[in-house]
Amino acid sequence: MDAVADIKGRLDIVDIVSEYIPLKPGGSGAFKANCPFHQERTPSFYVSRPRQSWHCFGCDTGGDLISFVMKIEGMEFREALEHLAQKAGVTLPAFDGEKASQKKRIHEVNELAMKFFKQTLETSPEAQVAREYVKRRGLDDLTVDLFGIGFAPDSWDALSKALAAKGVTETEMLNAGVVAKSDRGPGVYDRFRGRIMFPIADVHGNIVGFTGRILTDDKKEAKYVNTPETSAYRKSAVLYGLDKAKGEIRRQDLAVITEGNMDVVGSHQFNVANVVAASGTALTSEQLALLKRFTTNLAIAFDQDSAGNAATLRGLDLARAQDFNIKIITLPPDAGKDPDEAVRKDPQLWRDAIKNAVSIMEWIYRNAFRNRHAEKPEDKKLISRDVLMEIKRIADPVERDHWIKKLSKDLDVSEGALREALEKTRNQAPKAQTQTAANAETEEPLSKEKPSPLEQQVFAVLISRYDLFKQGIETEQVVPGDFRDPLFASLYAKLVSAYGAGEVAPDPIAAGQAIRPPASLGPDEATIFDALAFTAEREFQGWTLDQLKRELNTGLAKLRHEQVARKRQDLEQQMREAERLGDQERIAELTRLFQSLR
């Protein structure tokens with residue numbers, strides 16, 4: 001038995017899902033709940049114990065226990081497998097051993113460092129000034145513990161000695177980035193000294209690095225010192241607090257992006273828990289990919305000092321190019337300079353600011369007038385340049401006209417002059433937008449037409465009872481050609497072949513039971529079968545065989561009527577083309593075919 005099968009054999013999907021959401025009995029070994037992946041009032045999320053699978057009829061997704069953990073935890077396949085293997089007591093085969101081992105060791109070293117910093121903050125006499133700072137910033141004990149906040153003593157070797165006592169080598173300390181090589185000879189020295197320490201975790205809660213903040217306003221020292229790039233930590237691929245915020249981000253379907261660590265810490269302390277920090281950088285494609293696991297809706301709070309700078313706008317362009325819905329948060333003047341101040345002054349101020357976030361267009365419009373004078377010709381030019389660059393992105397002509405009229409009024413210039421200036425910017429499309437358009441021209445369409453609800457209903461009836469399905473095989477009442485969708489046709493053909501050849505498991509299926517999926521199904525076919533099986537359980541539970549037969553006959557009649565209608569429509573189109581070409585022989589042939597379909 002391979003590792004995946006071993007894990008599935010030892011774990012029950014109902015137990016795994018129940019760790020995340022409460023399940024209620026749904027009949028026939030099934031359980032139901034409100035879907036954790038989208039907002040809904042009535043349950044459309046089902047878990048089947050007999051099939052060890054889940055499916056949501058609301059967002060039309062499903063799978064096994066591995067896919068559930070991947071989706072709800074935002075994990076890749078290997079990560080989900082390791083997570084479940086630990087629960088099941090299964091040892092996975094080696095995977096990229098050396099690299100994975102080094103990364104894991106960095107996590108372990110950082111975890112030891114975090115514990116050292118926390119212990120120092122709690123007990124060291126030298127940390128009294130740090131404890132006063134924490135108290136002054138309004139952090140309670142629960143929040144300090146939740147975020148693992150600590151203190152690095154003002155020493156060149158306190159941490160390195162403590163780690164060495166735990167069996168950590170200098171090479172491992174260097175790999176983790178908690179020490180640096182001495183330039184005065186052999187040995188290493190502590191990278192963080194005399195600073196409040198904020199551990200940085202990846203999306204799964206592994207400590208990958210640190211940010212250290214000075215406690216004084218000494219201009220000679222950097223305010224913040226960060227862990228350098230390591231094999232476990234890249235600043236562009238981490239969002240501070242995402243490991244703690246991901247559940248609430250998914251529940252609210254909104255991620256609030258701030259700039260500072262304290263903005264995140266303060267927000268979480270006051271139960272605004274869908275907040276993360278980009279740590280002073282413009283959003284990167286890697287950070288956006290992380291967020292997309294949980295939501296496509298962003299509300300971004302910028303410090304006024306950075307609002308409108310090139311890096312900020314590039315980050316917004318990148319997010320829009322990846323189809324995020326973006327709003328910009330602006331704090332009211334009396335709320336303080338950043339979200340941390342606002343939430344400590346009055347948590348409702350921060351909640352209202354998030355609720356009242358505005359569109360990018362509105363934000364750019366307001367920002368274009370900031371620190372400029374609309375009556376000055378040079379400022380008029382700068383304001384119109386910034387606003388028109390955004391107006392040209394707007395596809396809807398009515399919305400575009402609205403902003404041109406508003407800008408005309410606020411700048412006291414003619415609409416004609418603005419439209420002329422807008423025309424001149426047409427060839428200056430932003431790079432991200434141009435790239436997106438290029439991708440749209442070269443990539444294949446992402447989605448195909450879904451099978452009709454009628455096809456799904458007919459298939460679900462068929463597999464709801466073994467005796468009904470067996471009768472369909474023996475009488476050829478249903479054939480693969482009845483299904484227009486190629487995956488449905490392929491799935492039915494494989495089921496017919498498997499049950500006809502006796503491929504399915506040796507224990508016989510009782511006449512009143514649903515059929516089981518054969519091992520020969522491919523991944524796509526198995527997913528479809530599972531969704532149809534859930535539909536059968538939900539729609540036809542308790543139906544008699546006669547009721548199911550009537551439902552099947554009615555559905556098949558409708559399917560075949562639709563097929564004839566499509567064929568007639570196709571023949572009519574071919575006849576019009578033959579008439580245009582004057583091809584009498586072709587017209588006669590098509591007419592005969594058309595009449596045979598009556």
Side-chain angles (χ1 to χ4, degrees), residues 72-75 79 107 110-111 113-114 117-118 134 137-150 195-213 224 226-227 232-284 286-303 306 315 319 324 326 329 331 338-344 347 350-351 353-354 357:
I72 202 161
E73 289 282 3
M75 292 179 170
E79 293 169 323
H107 295 160
N110 282 329
E111 185 78 22
M114 180 185 72
F117 294 141
K118 282 182 65 178
V134 167
R137 293 302 297 260
L139 299 180
D140 60 28
D141 292 343
L142 184 63
T143 303
V144 170
D145 186 61
L146 174 66
F147 284 89
I149 296 170
R195 293 175 179 268
I196 287 285
M197 299 300 294
F198 295 87
I200 301 168
D202 64 16
V203 67
H204 309 307
N206 301 307
I207 306 303
V208 294
F210 295 90
T211 293
R213 188 195 189 283
Y224 295 98
N226 296 309
T227 296
Y233 172 66
R234 285 181 298 109
K235 190 175 183 179
S236 63
V238 174
L239 285 160
Y240 181 75
L242 183 58
D243 60 310
K244 298 167 184 65
K246 61 187 180 184
E248 191 64 19
I249 288 172
R250 182 184 282 111
R251 279 188 286 275
Q252 295 197 33
D253 196 17
L254 174 70
V256 178
I257 316 294
T258 64
E259 293 202 81
N261 293 1
M262 283 301 297
D263 297 331
V264 175
V265 174
S267 295
H268 281 252
Q269 180 168 315
F270 290 93
N271 298 316
V272 186
N274 58 329
V275 182
V276 299
S279 301
T281 66
L283 286 169
T284 68
E286 291 167 299
Q287 290 169 335
L288 290 167
L290 278 175
L291 288 169
K292 213 163 197 176
R293 298 183 187 182
F294 310 103
T295 186
T296 55
N297 299 307
L298 309 180
I300 303 176
F302 293 121
D303 286 348
S306 66
F324 280 90
I326 308 163
I329 300 168
L331 290 172
D338 56 32
D340 180 48
E341 280 193 15
V343 78
R344 294 183 189 288
W350 179 218
R351 293 191 184 98
I354 296 171

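Keep in mind that what you see is a predicted model, and the values were worked out from it rather than measured.
Looking at every heavy atom in both residues, I200 comes nearest to Y233 through CD1-OH, 3.9 Å. Considering every non-hydrogen atom in both L291 and L242, the closest pair reads CD2-CD1, 4.4 Å. Minimum heavy-atom separation, G209 to N110: N-ND2, 3.8 Å. Of all the heavy atoms in F270 and P347, the pair that sits closest is CD2-CG, 3.5 Å. Smallest separation of non-hydrogen atoms from E286 and S236: OE1-OG, 2.8 Å. Heavy atoms only, all atoms of each residue included: K246 and V203 are closest at NZ-O, 3.0 Å.
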(message) Apply side-chain contact (heavy atoms from CB on, under 4.5 Å) to residues Q269 and R344 and explain how you reach the verdict.
(response) CA-CA 9 Å; Q269 180 168 315; R344 294 183 189 288; 3.7 Å; yes

(request) Before giving the answer on side-chain contact (heavy atoms from CB on, under 4.5 Å), spell out for D340 and V265 the whole-Å C-alpha distance, their side-chain angles and the decisive distance to 0.1 Å. (result) CA-CA 8 Å; D340 180 48; V265 174; over 6 Å; no

(message) Go through it in stages, so that I can follow the logic: the residues are R250 and T295, the test is side-chain contact (heavy atoms from CB on, under 4.5 Å), and I'd like the CA-CA distance, side-chain angles, deciding distance and then a yes or no.
(response) CA-CA 6 Å; R250 182 184 282 111; T295 186; over 6 Å; no

(request) Test W350 against I329 for side-chain contact (heavy atoms from CB on, under 4.5 Å), laying out the working first. (result) CA-CA 9 Å; W350 179 218; I329 300 168; 3.8 Å; yes

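Between the CZ atom of F198 and the CZ atom of F210 there is a distance of 12.5 Å, given to the nearest 0.5 Å. With values rounded to the nearest 0.5 angstrom, L239 atom CG is found 4.5 Å from Q287 atom CD. Rounding to the nearest 0.5 Å places CD of E248 at 11.5 Å from CG of D253. Atom CD1 of I326 sits about 10.0 Å away from atom CD1 of I257, to the nearest 0.5 Å. Between the CE atom of M262 and the OG atom of S267 there is a distance of 10.0 Å, given to the nearest 0.5 Å. Atom CZ of F324 is separated from atom CD1 of I300 by 9.5 Å, given to the nearest 0.5 angstrom.
Within the 4.5 Å cutoff, no side-chain heavy atoms of H107 are placed close to those of I207. Side-chain contact check for D202 versus D243: every heavy-atom pair is 4.5 Å or farther apart. Side-chain atoms of P339 and L331, non-hydrogen and from C-beta on, do get closer than 4.5 Å to each other. Taking 4.5 Å as the limit, every side-chain heavy atom of V256 sits out of range of all side-chain heavy atoms of L298. Residues I149 and M197 form no side-chain contact, since every pair of their non-hydrogen atoms from C-beta on lies 4.5 Å or further apart. Between F147 and V264, some side-chain heavy-atom pair lies under the 4.5 Å cut-off.
Using a 3.5 Å distance cut-off with no hydrogens or angles, the side chains of E73 and H204 do not pair a donor with an acceptor.
Here D145 pairs with K118 under the side chain to side chain contact (heavy atoms under 4.5 Å, CB included) rule; sequence neighbours left out. Residues passing the side chain to side chain contact (heavy atoms under 4.5 Å, CB included) test with A245, sequence neighbours excluded: I249, H268, V276.
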